There are 2 protein chains.
Amino acid sequence: MSKRKETSSNSINKEYIIECDLTYAISMVGGRWKLLILCRLEDGALRFSELRRSISNITERMLTLQLKEMESDGLVRRTVYAEVPPRVEYELTHTAKELIPVWKQLSDWGARHRGCQMTVVKAG
Amino acid sequence: MSKRKETSSNSINKEYIIECDLTYAISMVGGRWKLLILCRLEDGALRFSELRRSISNITERMLTLQLKEMESDGLVRRTVYAEVPPRVEYELTHTAKELIPVWKQLSDWGARHRGCQMTVVKAG
DNA sequence: CTCATTACTTACATTTTTGTTAGTACCATA
DNA sequence: TATGGTACTAACAAAAATGTAAGTAATGAG
C-alpha cells in the first residue's frame, strides 16, 4: 500500500509519448539542463568540475543526475581516470553528436526570436 | 508573508536559462505536449476538438494550457468563429513554421535511436 | 593533524508540471 | 424539458523536477 497507483496517468502518458519518435527525442533531451550540458561538450571532453563551473547556476546534484541519465541514454560517455584527486571526463557519444545540428538550429531560432521579444520589452 | 521567497532559485534559474538562445528555445517548445501539438498543426489549422481527438491522451485542461502559452509566445494563432456550437481554430504562426525542420530532424533522430533501444529491450 | 580538492551521494524541502473532476454558456434537437 | 456538442474554466490533488544542505573517501600540502 505504499504505492499510490501502479500506473499513474502521468506514467502512462510518459510511455505513450515515447511511442512517438519526436517526443521520444524530447524526453531524451528535454528539461532545464540537458541540452545546455550537451552543448558545453560540443568541442570535446570536459571534467565534472569544468562543466559545473561553465554552467554557473547548476548544482552538483543536478549535474550528476543529468549526466547519469544521459550516460544511461547513450548520450554521454564517462571516463574515470585513476588519479587522486579523482578525474572524471564526459564527452558526447556519436548518438549525441548527431544532435549538434538540431541544437544549433534551435539556438539560431532562439537568437532570432528572443531578440525581437527583448526589443519589445525595452520599448514597453 | 504568504510568499515563501520572492525569488526562488527555481525561478532565477528559469531566467538565467532564458539568457541562452538555446534554452530559451527549449523553454518555448519543451514539456510533454507542445511539440506534439505543433506538429499536428503542420498541415494546417485544426479546431480544438480535432486536436484533442488527434492526441488521444491529452486532457482538455492540458491542451488549453499549452495552446494558451503557445499563443502568448507567438507560436500559434487562435481564430474564433462566431458560430453555435463555437468553433475555434489553431494554426502555426510564421515563427512556429520556422521550427518545422527542427522537429523533423529531432523526429528522425528519435526514429533512428528509438529503434535501436527497443531491439535491446526485446533481447534482454 | 588539519585543510583543501574532486566527484560524487543522501535526506529532505520546495516548486513546477500534470492530471482529475466538476462546472460554465450557448444553442439545437428530440 | 432533457440531452448533447463545443470550447473552455476553476478548484483541487498527485507526481515529477529541481534545489538545499550536509556528508563521503582518497590523498597531498602545509
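Each chain gets a letter, A, B and so on, in the order its sequence line appears, and its residues count up from 1. Everything numeric in this text was worked out from a predicted model, so none of it was measured.
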Revision key, fill the gap. Sorted by chain and number, sequence neighbours left out, side-chain hydrogen bond (donor to acceptor under 3.5 Å, both in side chains) with Glu50(A) holds for none
Check your understanding: Can you name the nearest heavy-atom pair linking Leu51(A) to Leu46(A), along with the distance?
Key -> CD2-CD1, 4.0 Å
Practice item. Could you tell me the separation between the CG atom of Leu65(A) and the P atom of dA17(D), rounded to a whole number of Å? Key: 11 Å
Using a cut-off of under 3.5 Å, enumerate the N/O to N/O pairs linking the protein to nucleotides 25-30 of chain C.
none

Point to revise | Shortest side-chain distance from Arg78(A), nucleotide among dC8(D), dT6(D), dC8(C) | key: dC8(C)
Study note, to complete from the structure: note: Glu50(A), atom CD; dT5(C), atom P; distance rounded to Å ~ 16 Å
Practice item. Answer with yes or no whether the hydrophobic clustering places Phe48(B) together with Tyr81(B); edges join I, L, V, M, F, W, Y residues whose side-chain heavy atoms lie under 4.5 Å apart. Key: no
Point to revise | Between P of dA7(C) and CG of Leu46(A), the distance in whole Å | key: 11 Å
Exercise for review: Please state how far atom CZ in Arg52(A) lies from atom C1' in dT6(C), giving the value in whole angstrom units.
Suggested key: 8 Å
Point to revise | Nearest-angstrom distance from the residue atom CG of Leu63(B) to P of dT17(C) | key: 17 Å
Practice item. Kindly write out the residues that satisfy side-chain contact (heavy atoms from CB on, under 4.5 Å) with Lys68(B), not counting sequence neighbours, or none if the list is empty. Key: none
**Study point:** Ile37(B) CD1 - dT18(C) P separation (whole Å)
**Key:** 10 Å
Study note, to complete from the structure: Phe48(B) has its side chain closest, among dC8(D), dT6(D), dT18(C), to dC8(D)
Practice item. Quick one: label Tyr81(A) by what it contacts on the DNA or RNA (base, sugar-phosphate, nothing), any heavy atom closer than 4.0 Å. Key: nothing
**Study point:** Considering all heavy atoms, the nearest Trp109(B)-Ala25(A) contact
**Key:** CE3-CB, 3.8 Å
Check your understanding: To the nearest 0.5 Å, what is the distance between CZ (Arg53(B)) and CZ (Arg47(B))?
Key -> 8.0 Å
Review point. CD of Glu83(A) versus P of dC8(C): gap in Å, rounded?
Key: 13 Å
Review point. Given dT6(D), dT18(D), dG19(C), which nucleotide is nearest the side-chain atoms of Arg32(B)?
Key: dG19(C)
Study note, to complete from the structure: Side-chain atoms of Trp33(A) come closest, of dG19(D), dA7(C), dT6(D), to dG19(D)
Review point. When rounded to the nearest 0.5 angstrom, what is the spacing between CG in Leu92(A) and CG in Leu38(A)?
Key: 6.0 Å
Exercise for review: Check the distance between dT21(C)'s P and Met62(B)'s CE and give it to me in whole angstrom.
Suggested key: 15 Å
Give me the distances for all protein-to-nucleotides 9-11 of chain C N/O pairs that come in under 3.5 Å?
from: dT9(C); atom 1: OP1; to: Lys68(A); atom 2: NZ; distance (Å): 3.0
from: dT9(C); atom 1: OP2; to: Lys68(A); atom 2: NZ; distance (Å): 3.3

Review point. With Glu60(A), which residues qualify under side-chain hydrogen bond (donor to acceptor under 3.5 Å, both in side chains), at least two apart?
Key: Arg52(A)
Check your understanding: Which salt bridge (Lys or Arg N to Asp or Glu O under 4.0 Å) pairs, counting each pair once, include a residue from residues 81-91 of chain B, with sequence neighbours left out?
Key -> Arg77(B)-Glu91(B), Glu83(B)-Arg87(B), Arg87(B)-Glu89(B)
